[in-house]
Amino acid sequence: MQVSEYLEAVTAQMRCKRARGMVEKELKAHIEDQADTYMEYGIPKEEAYKKAVAQMGDPIQVGTDMDRLHRPDIDKKALFLICLLSLAGGVLYRWSMDMGDGRMFQMGDFFEHLLLDVLPGMFLMWLIIKIDYTRIARHPFLFSLVLVMIAPYAEHFEARGKYGYVFLSFTLIAILFGAVLHKLREYKLMGMFFGFLWLMFIILLYHFSGRANIANSVNLLVIGMFLLGTGAFKDWFEAGKKKSVAMYLGLLCELILLGGFGLVLHRFFGQSYVRHRLMGWINADQEGNYIFNVIRTQAANAGFFKGSGNLTGVGNENEYFIINLISRYGYLAAILVAVLLGLLFLVLLSGVKKQQNRLGTLMGIAAILTLCIPVVEHIAYNLSLIPTGALILPFFSGTGADAWMQGDYCRGAILSYYAAMGICLSVYRSRNIVAEQDAIPKLRLKLKLERQ
């Protein structure tokens, strides 16, 4: 059997078309290496190739094995946890809400939560899983700019739509930055520098174009620098690990200096609301410290198994879910929520680590960080450890009439969390069918020549 016939027979057994090229390339290289070995022992070329092909085994069986190995496979553990948390989170969120009339949990409210929040998020996640993540990363610069530039017009999509869109755009821009670094890695140290400049540029556009809050802008900066550091310490820019780390540390020091200068400017020229809240968090005598005093009182009086009473006077349940949970049921309930979320993040991270190319790793890490950082901030803010942070907790939040003014912001946050999980599952699903060279976004130009 000829080499081409053998390869055609093998790939014909594979249902995943995208994996066929990678398998064909691997098998062909193996056959050629074995044939070269035979020819070194004096066997004629034609006979050497026939022996190499025969040594590969039955093409039907090999193709069946390759089909089993190189086909999309969903991360069932992660999907199960996502479904479980989507249902359990909705129940606990509705159970912990103060409806103001003595009601605690209403089945109609729960089904409304499933219809308005969970199902749209799951549908978006499933679409992203089906869309190969490498296709999303084809043009990361362009997509990032588009996401930022349409933010000022997001209010035309729905009432107060800016608040919802700004969180969704934050998640997508952070994930796309992983693709940006992947495209720039071939420029080595200059690629690192350009990646840093692009991060600063897109954060400034994001912050001032879409009414993004400071927490999201800072989170985007933290995620971007973490991805840049990952590439540097793993020497993915192929400039030498010492040079890459030195460049990264230099950029980090420059960022710290710029950040300090920015804080000074913000102290004197920043928004009065931000200054008011910061001083209220620091000084207990400030009027703006009312909410923090309520939170600290509830946290101090709550026990491990029993809360201190219903949390009142702080308003939105989305923003204060954890402290509301602590005030009703004690610290154990909050710890269980944190453990379940942490378990999901570890499962998602385990799936991303199995990815065999850098693009999937960078985008997967970015997606996980867009989930983890808001959780940490939400818990810290609900314990008054930080003056502000992410308001919406994955799975344990909702929209609807009882969500107050945070409803639209929360809708965007819920969609963004499911989108991030979709990216992680897409990375895992394609781990055995996308090779490193196939993950490189390519620009294809077609030229048409006509004879005059």
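Just the heavy atoms: all of them, side chains too, but no hydrogens, waters or symmetry mates, feed the values below. Here the structure is a predicted model, which is why all the values come from computation and not from measurement.
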Heavy-atom closest contact ([X] atom, [Y] atom, distance):
X    : Y    : result
L220 : Y206 : CD2-CD2, 4.2 Å
L227 : A366 : CD1-CB, 3.7 Å
Y320 : H378 : N-CE1, 4.4 Å
I136 : L176 : O-CD2, 3.7 Å
S244 : F237 : OG-CB, 4.5 Å
G195 : L181 : CA-CD2, 4.1 Å

Rounded to the nearest 0.5 Å, how far does [atom2] of [Y] lie from [atom1] of [X]?
X    : Y    : atom1 : atom2 : value
T370 : L168 : OG1   : CG    : 10.5 Å
L362 : H182 : CG    : NE2   : 7.0 Å
L325 : L332 : CG    : CG    : 9.5 Å
I326 : R328 : CD1   : CZ    : 13.0 Å
F170 : I223 : CZ    : CD1   : 4.0 Å
Y428 : K77  : OH    : NZ    : 8.0 Å

Tell me whether the count of non-hydrogen atoms from other residues, nucleotides or ligands lying under 6.0 Å of [atom1] in [X] goes above 12.
X    : atom1 : value
F143 : CZ    : yes
E8   : CD    : no
Q2   : CD    : no

Does [X] use its side chain to pair, donor to acceptor, with the backbone of [Y] at less than 3.5 Å?
X    : Y    : value
S350 : L346 : no
S416 : A413 : yes
S327 : N324 : yes

Practice item. With side chain to side chain contact (heavy atoms under 4.5 Å, CB included) as the test, would you mind laying out the steps for L371 and F345 before giving the verdict? Key: CA-CA 8 Å; L371 295 167; F345 299 153; 3.6 Å; yes
Review point. Should R358 and E238 count as an ion pair when the cut-off is N to O under 4.0 Å?
Key: yes
Exercise for review: Give a yes or no on whether the ring-centroid distance for Y331 and F304 is below 6.0 angstrom.
Suggested key: no
Practice item. Decide if the gap between the ring center of W126 and the ring center of F123 is smaller than 6.0 angstrom. Key: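 Here the rings of F123 and W126 have centres that are no less than 6.0 Å from each other.
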**Study point:** Close side-chain approach of L348 and L344, heavy atoms under 4.5 Å
**Key:**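 Heavy-atom side-chain distance check passes, below 4.5 Å.
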Review point. With Y418, which of I128, L127, V118, T171 fulfils side-chain contact (heavy atoms from CB on, under 4.5 Å)?
Key: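 That would be V118.
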Exercise for review: Taking atom types as modelled, find out whether E377 and N219 have a side-chain donor-acceptor pair closer than 3.5 angstrom.
Suggested key: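 Yes, side-chain donor-acceptor contact under 3.5 Å.
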Check your understanding: Does a side chain donor of either E319 or Y381 reach within less than 3.5 Å of an acceptor in the other side chain?
Key ->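 Note: E319 and Y381 side chains meet the donor-acceptor criterion.
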Exercise for review: Find out whether the Lys NZ or Arg CZ of K51 is both under 6.0 angstrom from the six-membered ring centre of Y38 and within 45° of the ring's axis.
Suggested key: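 Here K51 passes the 6.0 Å and 45° test against Y38.
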